[in-house]
Amino acid sequence: QVQLVASGGGLAQAGGSLRLSCAASGGTVSMYAVGWSRQAPGKEREFVAAIQWNGITTTYPDSVKGRFTISRDNARNTVYLQMNSLKPEDTAIYYCAADRTFSTLKSLRGSWGQGTQVTVSS
């Protein structure tokens, strides 16, 4: 069974950038859509981004559109989330998951792996 592990989180200043990685093990995610979600303390889980298996089609909510970019390297079995122009409200634990469809990822169903903490200071 494919397992996904998010990494690359850390501390950034407002306006700064971070790049998260989602590495797959135990199988390939090359034929799956992969998505990112986040959860801040005391808040509900929020969908952040998803990318189709071919790396062409992507989707973002308005809260991150234009600031975050999702990409993938199927040869490395890894999906990335480039986060620019970070804001304190981006502070959260970020998770990734793979599924056949965007709808499953956007509805936050499926199996979301171990997350990585992102903290943005003002």
How about [X] and [Y]: does a side-chain donor come under 3.5 Å of a side-chain acceptor?
{"X": "Thr104", "Y": "Asp99", "answer": "yes"}
{"X": "Asp73", "Y": "Thr78", "answer": "no"}
{"X": "Arg72", "Y": "Asn74", "answer": "yes"}
{"X": "Tyr80", "Y": "Arg19", "answer": "no"}

How close do [X] and [Y] get, counting heavy atoms only, and between which atoms?
{"X": "Ser111", "Y": "Ala97", "answer": "O-CB, 3.3 Å"}
{"X": "Ala98", "Y": "Val34", "answer": "CB-CG2, 4.1 Å"}
{"X": "Ala92", "Y": "Gln117", "answer": "O-NE2, 3.4 Å"}
{"X": "Ser122", "Y": "Pro88", "answer": "CB-CG, 3.8 Å"}

Under the salt bridge (charged side-chain N to carboxylate O under 4.0 Å, His left out) rule, collect the residues that match up with Glu89, sequence neighbours excluded.
none
Report the C-alpha separation of Thr116 and Leu20 in whole Å, then their side-chain angles, then the decisive distance to 0.1 Å, and conclude whether the side-chain contact (heavy atoms from CB on, under 4.5 Å) test is met.
CA-CA 8 Å; Thr116 185; Leu20 306 184; 4.0 Å; yes
Looking at side-chain heavy atoms only, is the closest gap between [X] and [Y] below 4.5 Å?
{"X": "Trp53", "Y": "Val29", "value": "no"}
{"X": "Ile51", "Y": "Val79", "value": "yes"}
{"X": "Arg100", "Y": "Met31", "value": "yes"}
{"X": "Thr59", "Y": "Lys106", "value": "yes"}
{"X": "Thr28", "Y": "Val2", "value": "no"}
{"X": "Gln82", "Y": "Phe68", "value": "no"}

Give the intermediate values and the outcome of side-chain contact (heavy atoms from CB on, under 4.5 Å) for residues Glu46 and Leu108.
CA-CA 8 Å; Glu46 176 188 17; Leu108 303 178; 5.9 Å; no
Whether the side chain of Ser85 engages the backbone of Arg67 through a donor-acceptor N/O pair (distance < 3.5 Å, no angle test) should be reported.
no
Decide, yes or no, whether a salt bridge links Lys87 with Asp90 under the criterion of side-chain N to carboxylate O below 4.0 Å.
no
Taking it one step at a time, do Met83 and Val118 satisfy side-chain contact (heavy atoms from CB on, under 4.5 Å)?
CA-CA 10 Å; Met83 306 186 297; Val118 171; 3.8 Å; yes
Separation between [atom1] of [X] and [atom2] of [Y], rounded to the nearest 0.5 Å:
{"X": "Arg38", "Y": "Glu44", "atom1": "CZ", "atom2": "CD", "value": "13.5 Å"}
{"X": "Gln13", "Y": "Leu18", "atom1": "CD", "atom2": "CG", "value": "11.0 Å"}
{"X": "Ser30", "Y": "Arg76", "atom1": "OG", "atom2": "CZ", "value": "15.5 Å"}
{"X": "Leu105", "Y": "Cys96", "atom1": "CG", "atom2": "SG", "value": "10.5 Å"}

Can you name the residues that form a side-chain contact (heavy atoms from CB on, under 4.5 Å) with Tyr95, not counting sequence neighbours?
Ser37, Gln39, Arg45, Ile93, Trp112
Run Cys22 and Trp36 through side-chain contact (heavy atoms from CB on, under 4.5 Å) and show every step you take.
CA-CA 9 Å; Cys22 175; Trp36 288 91; 3.5 Å; yes
With a 6.0 Å cut-off (strictly less than), is the heavy-atom count around OH of Tyr32, excluding the residue itself, greater than 12?
no
Using the rule that two of Ile, Leu, Val, Met, Phe, Trp, Tyr join whenever any of their side-chain heavy atoms come within less than 4.5 Å, decide whether Leu81 and Val120 are in one cluster.
yes
